[in-house]
Amino acid sequence: MSSQRKQYPFPEFEPKWQNRWEETSAYRTPNPGEPDFDAARPKYYVLDMFPYPSGEGLHVGHPEGYTATDILARHHRMRGFNVLHPMGWDAFGLPAEQYAVKTGQHPAVTTARNIGKFKGQLQRIGFSYDWSREVNTTTPDYVRWTQWIFLQIYHSWFNPVTNRAEPIATYTGDDPDSVRLAYVAEMPVNWCPELGTVLANEEVVDGKSEVGGFPVERRPMRQWMLRITAFGDRLLAGLDALDWPDSIKLLQKNWIGRSEGAFVDFALEGVEAKVTVYTTRPDTLFGATYMVLAPEHTLVAQITTAGQRDAVADYIKTVGSKSERDRQDASREKTGVFTGAYAVNPVNGERIPVWIADYVLTGYGTGAIMAVPAHDERDHAFATKFSLPVIEVVRSTEPVDGCFAGEGVAVNSGILDGLPTAEAKTRITSWLQDRGLGRAAVQFKLRDWLFSRQRYWGEPFPVIWEGGRHRTVGAEELPVRLPELADFKPTGTAEPPLAKATDWVRYSETARRELNTMPQWAGSCWYYLRFCDPRNEDRFVGEEAARYWLGDGGEKPGGVDLYVGGTEHAVLHLLYARFWHMVLHDLGHLPTPEPFQRLVNQGMILGTDGQKMSKSRGNVINPDEVINEYGADAFRLYEMFMGPLEQMKPWSMKGVEGVYRFLARVWRLALHEDQEGQWQLSDAVAEIEPTPAQLRVLHATIKKVTADLGTLSFNTAISQMMVCVNELTAAEKRPVSALRTLLVLLSPFAPHIAEELWERLDTRFGGFTGSAHAQAWPQHDETLLIENEVEIVLQINGKVREKLVVPKDATREQLEAAARSHDGFMAQLAGKDVVKVVAVPGKLVNFVVRG
RNA sequence: GCCGGUGUGGCGAAAUGGCAGACGCAACGGACUUAAAAUCCGUUUUCGCGAAAGCGGAGUGAGGGUUCGAGUCCCUCCGCCGGUACCA
């Protein structure tokens, strides 16, 4: 194939058009206030998840979403929108840093090289990005504003009364550091000694680092945290008004994991302390037959009796040696040990034993539970193993086998007896509250966001330490630039690499800089804002630009009109970005409450073997090779023709050839090859009226392509254009007006060939001035689609027996009469007992017979 | 385990509750060609009958249900893909 002549000369005209678009800044989008800005047009902000520019280059998965958004961007421009369609680089990250460790080359150098490669690849596909808005999260000008946003977060707190972030000045307590949205805490983190860095949870697979497969251990370290949990309720509630896939909303919902329940205080026997537990089932309090503390619970040492001290110490040691993963395996058999201590059940004064067990986690609730083995699977398994008593306190209305964890009616529960679960919950909660023994409580699975990394290649914190206290640098000192380092190798200790830049670290005689850097998510948390106003030197985004491109927060939450990317960011990037956006909105810096109004996930593209593409499987498709072979238009078109955008689907080179042939047919609609092998305008193209059939298919195509673009059904839009081209190919003469419409419809999908044909037709015919992309989107004429006659089917008991052509507006009665006068059909009906006749105009007549 | 998605020809897929398989791939036949490629035209869910035009049956993972009529709606089950995992 590669040695063969191309079916149409895309190797010549595709680069030609790409250059022309670049030279003429064809896709530059002016901002409000600029001379060529047209305020009368509506806005459309369509965004891709920007890539990490890895050394591997682009794979065919990237352009899937990018092509979809490019088609929509082009379509909206043709419909008169001001379209914001930008691209940039999420360029901090571990691979560049590790490459630097290996080679000594500065990450900035490799990053710049990779960006060059990525950008070149994207430009070869002909995307209509406004490259003048390109951003790179690692440039000082971008880092400056990332750090500035950190300052806003640091200098604010969440006011529970107003339910929003406010400047820290409005906090009236005596320890502002305890309420800041950015705070320092000693936290267990994934530390990889081999790599010399902490890793995010998602970078740890089976207790080993994803990169290199080195062991990872949990170790407590001093970390910066962001108080995302304060926004748990709003992050949850805000989902309702967003046009996101339900599955993604559900993922966020589960991740946030809001639950309603109660704190209950248990007195301890012979110890001056109480244990507070969190439960979602306070109604089962009468059934609590023992209590379990997490092995790390602070009271364990205090309450353990002399006799149990060795057993408890042994157990804690065993638990400590287990990997996090082992410990979280729910199917594992329960383990635990008695502390020797007893607690008192506040409702009935029962004395219940206190155990420690690793199935109680220290990070959730209070790290202590009341165990109700009759109505909780885990407690039941534990009680069974250690022969602890089981008391039924909820009765199901239906028979159940095994442990009953559902809702029913309270029994054996004193004041609660006879109450349904929901009522029992409120009753016991107020009972506890009245006596100061407990209170209603809401808990989240969501944890505060661990925001610091012991890495070089990230944003430095704009933070200074002095006398054991932290403070920020002033906004005028931003950006805090990374120091130059010759050696990126890990120190071998927990100390971040920045510690090696001794001059940089030393801020003053007595003050030192923070050594941690921010995680990669920091830059991606707000890049969609910077795109609105990427060169603004006074603000992270200009107020007018933000108000225009994000909307004014009217009826809908507003923000980016359409955001397309993979599902893998469902709970990380998409949650973090919403959190930052909310803080900035609360502080008055942004007009809208949410960042992304509509979200669409593209499905993964699999290898030709139906497996996930990977280097080890050797099934990776390289976009450059496809484009060399078939051209950018065919590549784009195939990516969209494969199947529904959101669906997972395998690659097929034969499929690429199919759309390539289609584009070649479009080419030959207008051109033919002469004796010298030159493409000349075909004589078959003529200024003639389209036939009624051509007109019908043309307008059906306008209608379907337009509708399908609205629902992102690119594959069916393309098949309709194929139908249209097949119709025109079959014709002796091609009406030039039909070609004109077809090229306009095709131009968002296959922009190069559309422009090239448009330009060539302009040499002979009128109506081809300017660019195909600059044309108004066509409108279909419904009257041309209506046929005078329609074919209906005649059915007996729902089975098709005959077909019949009738006037399109025939009534039910006329249809039935027509059926009854159809001899062949009546012959089949002869002798049958017709009980009912269903006639549907334009569709069918169904005779229901008995026997 | 729980949650979500999905299941239609040889393959990718299409079908406001109304003729299942549009469009594309592959395959087969024909035209063009010395020949091939490319291109163009045609056939192509499957089984049975027929020389053929055609006729008849079955058919959207399995089983049930609602309906004049179900790929589409409801119930039960199975497979595959993804997420999540002791969150009290």
Side-chain angles (χ1 to χ4, degrees), chain A residues 1 4-5 7 245-251 253-255 257-259 261 277-281 284 292 325 327-332 334 357-361 363-372 375-379 381-382 405 443-447 567-568 570-571 603-604 606 608 610 612 637-638 641-644 646-659 661-662 664-665 668 673 704 713 715-726 729-730 791-803 835-840 842-849:
Chain A
M1 186 77 211
Q4 274 165 27
R5 235 181 136 259
Q7 288 201 20
D246 285 339
S247 58
I248 298 292
K249 287 189 184 182
L250 201 65
L251 280 173
K253 211 174 207 168
N254 292 341
W255 186 264
R258 184 183 196 273
S259 76
V277 303
Y278 173 71
T279 177
T280 55
R281 292 297 299 271
T284 62
V292 186
R325 184 168 183 91
R327 182 165 167 183
Q328 296 210 337
D329 182 4
S331 61
R332 211 178 92 238
K334 297 277 179 289
D358 65 359
Y359 80 89
V360 174
L361 307 175
Y364 183 79
T366 60
I369 61 156
M370 63 178 209
V372 185
H375 305 291
D376 181 280
E377 302 275 359
R378 297 150 300 180
D379 297 345
F382 192 84
Q443 289 290 301
F444 294 93
K445 279 199 231 176
L446 183 68
R447 308 296 160 82
T567 355
E568 66 272 19
V571 290
M604 207 192 322
L606 306 172
T608 50
K612 200 168 166 174
L637 208 60
Y638 176 65
F641 186 62
M642 291 172 81
E646 278 131 305
Q647 195 169 301
M648 193 188 293
K649 47 223 175 251
W651 188 269
S652 154
M653 277 306 176
K654 288 291 184 184
V656 185
E657 281 186 43
V659 293
R661 278 202 284 263
F662 162 70
R665 274 207 303 280
R668 290 193 308 263
E673 210 170 4
K704 181 139 184 71
S713 308
N715 54 331
T716 49
I718 293 166
S719 63
Q720 180 62 40
M721 288 190 279
M722 288 173 169
V723 170
C724 183
V725 169
N726 290 346
T729 299
E791 189 183 59
I792 63 159
V793 294
L794 305 182
Q795 298 181 326
I796 297 175
N797 283 351
K799 283 197 190 303
V800 179
R801 295 299 165 189
E802 297 290 344
K803 294 179 184 181
V835 282
K836 187 173 176 182
V837 178
V838 182
V840 182
K843 299 282 184 191
L844 52 75
V845 185
N846 186 18
F847 283 71
V848 185
V849 301

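Numbers restart at 1 for each chain; the letters A, B, ... are given by sequence-line order, proteins then strands.
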**Fill in**
Its dot-bracket string being built from Watson-Crick and G-U pairs below 3.5 Å, with | for another strand and [ ] for crossing, RNA chain B has the pattern (((((((..(((.....[....))).(((((.......))))).(((((....)))))..(((((..]....))))))))))))....

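Looking at residues two or more places apart in sequence or on another chain, you find a side-chain hydrogen bond (donor to acceptor under 3.5 Å, both in side chains) between A:Glu673 and A:Arg5. Checked against side-chain hydrogen bond (donor to acceptor under 3.5 Å, both in side chains), A:Thr608 has no partners two or more places apart in sequence or in another chain. Residues satisfying the side-chain contact (heavy atoms from CB on, under 4.5 Å) criterion with A:Val725, sequence neighbours excluded, are A:Phe662, A:Arg665, A:Val666, A:Leu669, A:Thr729, A:Leu742. A:Arg447 is linked by a side-chain hydrogen bond (donor to acceptor under 3.5 Å, both in side chains) to nothing, counting only residues two or more places apart in sequence or in another chain. Scanning for ring pair (Phe, Tyr, Trp, His ring centres under 6.0 Å) contacts around A:Phe847 gives A:Phe825, with sequence neighbours left out. For A:Leu606, the side-chain contact (heavy atoms from CB on, under 4.5 Å) test picks out A:Met604, A:Met648, A:Pro650, with sequence neighbours left out. Considering only residues two or more places apart in sequence or on other chains, A:Val723 meets the side-chain contact (heavy atoms from CB on, under 4.5 Å) condition with A:Val697, A:Gln720. Scored by the ring pair (Phe, Tyr, Trp, His ring centres under 6.0 Å) test, A:Trp651 finds A:Tyr638 as partners (sequence neighbours excluded).
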Each nucleotide N or O in nucleotides 12-21 of chain B that has a protein N or O under 3.5 Å away: list the pair and distance.
from	atom 1	to	atom 2	distance (Å)
B:rG12	O2'	A:Met642	O	2.6
B:rA13	OP1	A:Gln647	NE2	2.6
B:rA14	OP1	A:Asn715	ND2	2.9
B:rC19	O2	A:Lys803	NZ	2.6
B:rC19	N4	A:Glu791	OE1	3.2

What does the list of N/O pairs under 3.5 Å between the protein and nucleotides 42-49 of chain B look like, with a distance for each?
none

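As a whole-Å value, the separation of A:Lys445 NZ from B:rU84 P is 11 Å. Following rounding to the nearest Å, A:Leu637 (CG) and B:rC25 (P) show an atom-to-atom distance of 12 Å. A:Glu568 has its CD atom 15 Å from the C1' atom of B:rC81, to the nearest Å. In this structure, CZ of A:Arg665 is placed 9 Å from P of B:rU39, rounded to the nearest angstrom.
Applying the 90° criterion around 0 to the glycosidic angle, B:rG83 comes out anti.
Rounded to whole Å, the P atom of B:rU44 lies 11 Å from the corresponding atom of B:rG21. Taking the C1' atom of each, B:rC81 and B:rG59 are spaced 26 Å apart, rounded to whole Å. Distance noted for atom C1' between B:rG1 and B:rG48: 49 Å (whole Å). The P atoms of B:rU6 and B:rC55 are separated by 38 Å, rounded to the nearest whole Å. Using P as the reference atom, B:rG64 and B:rG71 are 15 Å apart when rounded to the nearest Å. The P atoms of B:rU45 and B:rG9 are separated by 13 Å, rounded to the nearest whole Å. Separating the P atom of B:rC49 from that of B:rG63 is a span of 26 Å, rounded to the nearest Å.
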**Fill in**
With B for base contact, S for sugar-phosphate-only contact and - for none (protein heavy atoms under 4.0 Å), nucleotides 52-60 of chain B reads -----SS--

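Checking A:Asn254 against A:Val723, the closest nucleotide of RNA chain B that is more toward the 5' end is the one next to A:Asn254.
Contact check, A:Tyr364 against B:rA88: a side-chain N or O comes under 4.0 Å of OP1 or OP2. Between A:Arg668 and the phosphate of B:rC40, there is a side-chain N or O to OP1/OP2 separation shorter than 4.0 Å. At the phosphate of B:rA38, neither OP1 nor OP2 sits under 4.0 Å from any side-chain N or O atom of A:Arg661. Between B:rG24 and A:Asn726, a contact under 4.0 Å exists linking OP1 or OP2 to a side-chain N or O.
A:Ser652 comes within 4.0 angstrom of no nucleic acid atom, judged by non-hydrogen atoms across all strands. A:Ser259 comes within 4.0 angstrom of the backbone, heavy atoms only, and of no base. Within the nucleic acid shown, A:Ile369 comes within 4.0 Å of at least one base atom, counting heavy atoms only.
Counting only distance, with no hydrogens or angles, the side chain of A:Asp376 and the backbone of A:Ala371 share no donor-acceptor pair below 3.5 Å.
Taking only side-chain atoms of A:Gln7, from C-beta outward, the nucleotide of B:rC86, B:rG83, B:rU39 with the closest atom is B:rU39. Among the nucleotides B:rA88, B:rA22, B:rA26, the one closest to the side chain of A:Thr280 is B:rA88.
Summarising the local packing, NZ of A:Lys253 is surrounded by 12 or fewer heavy atoms from other residues, nucleotides or ligands at distances under 6.0 Å.
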